[in-house]
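See structure below.
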Amino acid sequence: MERIPILKLGAFLLVTIQIDLYDRLALDLEEDLVAMVEKTSVKGVLIDISAVGIVDSFMGKILGNIGSMCKLLDAETVVVGMQPAVAITLVELGLPLKGVYTALNVDKGMELLRSKIEIEDIVEADDDDDTSLN
Amino acid sequence: MILPLTKDTIQVYREQDVVPFRGRVKEYAVKIKMGLVGQTKLITAASEIVRNMLKYANGGETTIEIVSRGRDNGIRLTFDDKGPGIADIPLAMKDGFSTGRSLGLGLPGTKRLVSEFDIKSEPGSGTTVTIIMWING
Amino acid sequence: MAHTLNNKKSEILELWMKNQLADSGLRDDLISNKDLRVQSEELVNALITNLNDNNINNSESPDFDKVTELLGGISISRARQGFSPRETGNFILTLKEALLEILRQEPSDVNVLFEESLKLSRLLDNFTILTFETFIKGREEVILRQTDEITDISTPVIKVWDGILAMPIIGTLDSARTQVVMENLLQKIVETGSSIAILDISGVPAVDSLVAQHLLKAVSATRLMGADCIISGIRPEIAQTIVHLGIDLSQIITKASLAGALQYAFKSLRLEVKRSALEVKGITNLQ
């Protein structure tokens, strides 16, 4: 059965979606990814959609769900490489893509994740005397 | 005057039919040299409607046509189902409304994506949605 | 009649040329007499050779395909060369006169002559209409091409710094234009890997709720791709309109000037612009 591979890349997980997602495949990805985050206890997930030509509300919902679920497991999700045509379509459709960060490419996505995790570390270290940052 | 030039009919009754259907729509859009953004909007719109059709009416029949109006060419998609129908179309066309547990941006969102959008429904006997995407808007 | 005209082909051409050259509106600045003669001869040949007593009543008969094609080509090229519609129309109307003149020289019954003139007139009038139609189409094409060109030139994307793009928008922002602006900008963001885009609207005459909505869409699309978008060049009167119309732009970063936007962009990329040490020393020396 077809499944989308999830790679562990240092402190992050990387998923590259190269094919049109039909519903079953997307739901499997959601399940696999969440299980993997729990198992590896990574702090960040990168989903590369640069090869994806269509994001409809179903797939947008899956991406949002993944983001929210990962957040519950203390990991941030970054969707990277969205094509201009896809971005324009999503805006017109009115899909805000909540719960995930976005970045131009994998490199920038990793940079973003690192800065998010750094901030969290700082916040945790300062937790006793400064709660206003939260 | 809208003239149909070619006609292709595809049955969509299972979730696995969605991706091949989108592929076929793309083929036709490429054939008439529609821009990439236009293609993406059209296919996304088609995808939304087909999913609705699968969810509420267990699928139906779709028609892909290349149409022309004066100097402009476009793609017309018709989605015909024999489902329960929609009782209150104006309500269904309102942003944020949904009877299923989706995001509720299906129909109005889809309408914003395409050049022309038409919906006809008879409660109890089915729904027909027609969309057109012109190359030059 | 067709037979008569066929025999007198060269006479018709001569007469027509004479009429055209005698016309005070002759545009020898746009077309040489030689070229005009070539065009005229081709048309006379195509018309007279294909004309017979059956098709004279039907300007749409396939026999006239050659004539139609020639006329179309002439009209379009004249539209592009800058002939006026009157000048282009006169080209074919003077041919009608020449043809009628030749018919008149033939000895025949008045009634017959009238009938024939009427038929010939009708045919040539149809060709005149065709000429105008094609002429206008030619002009329309010029306009369409110019519109495309304007849309293209009026939305340049400038790379102002590594990772920073700027796009000055000049002119009214409608939905078709926004589409082009957005596509260009997003494409350029992907190509250059820029994380900040500045949309400068100093050149946009008015911002109403529709334009604001378009701007918001552009910003949202940029964000979805993982870049940030700043709107700059908001003039005081535009700020007033925005507030009076109750448009909420609080979700986007807005700056009064391009300089302000650039400063913000530098800051968020953690870049600093400093006066060089040498110059600072120079200034202190002067004091």
Side-chain angles (χ1 to χ4, degrees), chain A residues 1-4 16-32 47-69 71 77 79-100 102 104, chain B residues 12-27 29-30 34-56 59 77 79 93-98 100-115 117 131 133 137:
Chain A
M1 200 181 130
E2 226 175 348
R3 272 195 130 83
I4 295 176
T16 305
I17 301 173
Q18 307 249 3
I19 50 165
D20 248 347
L21 282 188
Y22 53 87
D23 304 20
R24 192 65 249 157
L25 202 58
L27 292 169
D28 284 348
L29 174 66
E30 183 184 290
E31 202 182 307
D32 292 354
I47 304 175
D48 178 12
I49 58 163
S50 54
V52 175
I54 301 292
V55 174
D56 58 7
S57 59
F58 173 78
M59 194 168 152
K61 198 173 79 177
I62 295 278
L63 289 175
N65 285 353
I66 290 177
S68 310
M69 292 168 188
K71 184 79 202 160
T77 308
V79 171
V80 303
M82 187 185 290
Q83 290 298 319
V86 173
I88 293 173
T89 306
L90 284 184
V91 168
E92 212 67 58
L93 192 62
L95 200 69
L97 214 61
K98 280 194 186 116
V100 296
T102 52
L104 283 176
Chain B
V12 181
Y13 286 100
R14 297 168 310 162
E15 176 199 290
Q16 292 95 301
D17 297 335
V18 175
V19 171
F21 165 72
R22 295 203 305 216
R24 195 73 76 84
V25 175
K26 188 175 174 78
E27 259 171 51
V30 169
M34 187 179 281
L36 184 62
V37 174
Q39 277 179 37
T40 310
K41 285 184 177 177
L42 174 69
I43 301 166
T44 308
S47 191
E48 295 293 326
I49 301 173
V50 157
R51 278 192 203 288
N52 263 335
M53 200 165 79
L54 282 170
K55 188 152 93 195
Y56 297 108
L77 302 176
F79 306 84
M93 292 306 296
K94 242 165 80 180
D95 253 322
F97 176 81
S98 173
R101 281 193 310 135
S102 70
L103 293 167
L105 40 82
L107 288 179
T110 307
K111 188 177 177 178
R112 283 194 294 269
L113 290 179
V114 293
S115 321
F117 182 100
I131 57 175
M133 191 73 172

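Keep in mind that what you see is a predicted model, and the values were worked out from it rather than measured. Lettering of chains follows the sequences in order, A, B, ..., and the numbering in each one begins at 1.
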### Query
Once you round to the nearest 0.5 Å, how far does CD1 of A:Ile4 lie from CG of A:Leu29?
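Here the rounded value is 5.0 Å.
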#### Entry: Distance (rounded to the nearest 0.5 Å) between B:Lys55 NZ and B:Asn52 CG
6.0 Å
### Query
What residues, two or more places apart in sequence or in another chain, satisfy side chain to side chain contact (heavy atoms under 4.5 Å, CB included) together with B:Glu27?
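Expected list: B:Arg24.
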### Message
Can you list everything that forms a salt bridge (charged side-chain N to carboxylate O under 4.0 Å, His left out) with A:Lys98? Sequence neighbours excluded, please.
### Response
none
### Task
Please name all residues satisfying salt bridge (charged side-chain N to carboxylate O under 4.0 Å, His left out) with A:Asp48, sequence neighbours left out, ordered by chain then number.
none
#### Entry: Members of residues 40-47 of chain B whose heavy atoms come closer than 4.5 Å to chain A
B:Thr40, B:Lys41, B:Ile43, B:Thr44, B:Ser47
### Task
Among A:Leu90, A:Val52, A:Val55, find the residue that satisfies the side-chain contact (heavy atoms from CB on, under 4.5 Å) test when tested with A:Met82.
A:Leu90
